[in-house]
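Below is one structure; the comments refer to it alone.
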Number of protein chains: 2
Amino acid sequence: MVSDKGMKGLNLGAVARRVGLVPSALYRHFQNKDGMIDALLELIESRLVANVVAVRQETDDPLLALELLLRRHVRLIRENAGIPRIVFSEEVYGAKSQRKYRVHDLLRRYLGRVAEFFRESQQAGTVRTDLSPDELSVMFLGLVQPAAILWHVSDGGFDVTRQAEKAWGVFSEAIKNGEDKGPEAGRASPATREN
Amino acid sequence: MVSDKGMKGLNLGAVARRVGLVPSALYRHFQNKDGMIDALLELIESRLVANVVAVRQETDDPLLALELLLRRHVRLIRENAGIPRIVFSEEVYGAKSQRKYRVHDLLRRYLGRVAEFFRESQQAGTVRTDLSPDELSVMFLGLVQPAAILWHVSDGGFDVTRQAEKAWGVFSEAIKNGEDKGPEAGRASPATREN
DNA sequence: CTCTGTTGCGAATATACATTCACATGGTTT
DNA sequence: AAACCATGTGAATGTATATTCGCAACAGAG
């Protein structure tokens, strides 16, 4: 429903119709509309976490895991275009500070898991150590986010998948720990390596 | 007003109070609320364009211009936190397709100008030519966008400026046309250079 | 069978908002 | 001074939507 009509289309009447009930009946299952949105956020977080867990099982290489995670992420938001619209909607991170912090925590937890992969890569020596895992995780998010927005406003005309692949290519090359990198940027792992 | 309360806070009553009028008086200046939002979008676009024009005057080096543009962009959204909230709000790119395409055009025009800098850099030989200017412009947008969102949901606790600088560092190094880049990624400018 | 808790329904209520309209005011033109 | 135009006002209207409430159906426990 959110994919089609946005958060505006997510009113109790429409939801009730969708599940074959009458608006007031929804109050038997949720305290109020805010409760519904909270449940939605939990659902979304579980999807994101599921992706992290899945790629952990698919490979032991943390850098490869990130690439797989990126692909899954793209697929997730392509198939559920409502997810970004919910997470970044006014209803959610708008006025009410309580909900805003919920989203903040959601993002931080997800990015925390992403950062974990970077940390592992750094310890394995495959990623430069002059960038913090937290910073890297935010950059990682930046690989898809603008593409997703363009995809949405262009009504699916923009190729998110391709853009994400390209961006990952540039990004992963840039952060890899090669001693023959750039002139003065690639002085990674001087004495700070721990592994 | 949008910075504080989000698009929800942007109702005619509040706007009227802010400018010392009564709600109905606003209809002497705008056809309706949609007209107001359209005017807002125009204002925003003019700000973005102003930044592009400004950095053009500040330097002749297109790559340096992009760095300056990034800084200005960060400053713009830090000082006017409402801008991303307007551009990415439901009211704007939600249901009504007409408005959605307006935002699409706005983004495309802005990114088009960004892409122009990349094109020039490629012609000057300072940027790899195996990535299209359009792709690069989307990546450029990705340098700030997630940081801006984190900054917002964290109530200003996140350091956008720092994150953007770091991301630019990684990104600009990665796209620079150095023959001593990575193993198999940096084979830029084989015979496709025109300048 | 009766009691009780759960779920659904329809109607009523309240609220927030955009929008319209008839009228007032004040400056500018003729 | 009269006519006109732009701008502002207050009241009224309509609509969308969340929420509450009393009542009915119904299933399972005793």
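Here is how names work: the chains are called A, B, and so on, in the same order as the sequence lines, proteins then strands, and each is numbered from 1.
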**Contact list for residues 41-65 of chain B, test ring-ring contact (aromatic ring centres under 6.0 Å, His included), sequence neighbours left out** = none
**Complete:** Protein-proximity profile, nucleotides 16-21 of chain C, B/S/- by nucleotide at the 4.0 Å heavy-atom cutoff, equals -SSBBB
**Item:** Pairs meeting criterion ring-ring contact (aromatic ring centres under 6.0 Å, His included) with involvement of residues 63-83 of chain B, two or more places apart
**Value:** H73(B)-Y110(B)
**Item:** Set of residues satisfying salt bridge (charged side-chain N to carboxylate O under 4.0 Å, His left out) with respect to R71(A), sequence neighbours excluded
**Value:** E67(A), E165(A)
Anything under 3.5 Å between a donor and an acceptor, one on a side chain of residues 46-53 of chain B, the other on a protein residue two or more places apart or in another chain? List them.
| from | atom 1 | to | atom 2 | distance (Å) |
| --- | --- | --- | --- | --- |
| S46(B) | OG | L43(B) | O | 2.6 |

**Asked** Listed by chain and number, what are the side-chain hydrogen bond (donor to acceptor under 3.5 Å, both in side chains) partners of R78(B), not counting sequence neighbours?
**Response** none
**Message:** What is the separation between atom CG on L26(A) and atom C1' on dT20(D), rounded to the nearest whole Å?
**Reply:** 14 Å
**Message:** So, does H29(B) get its side chain near the phosphate of dA6(D), meaning an N or O under 4.0 Å from OP1 or OP2?
**Reply:** no
**Message:** Tell me the interatomic distance from F30(A), atom CZ, to dT20(D), atom P, rounded to whole angstroms.
**Reply:** 16 Å
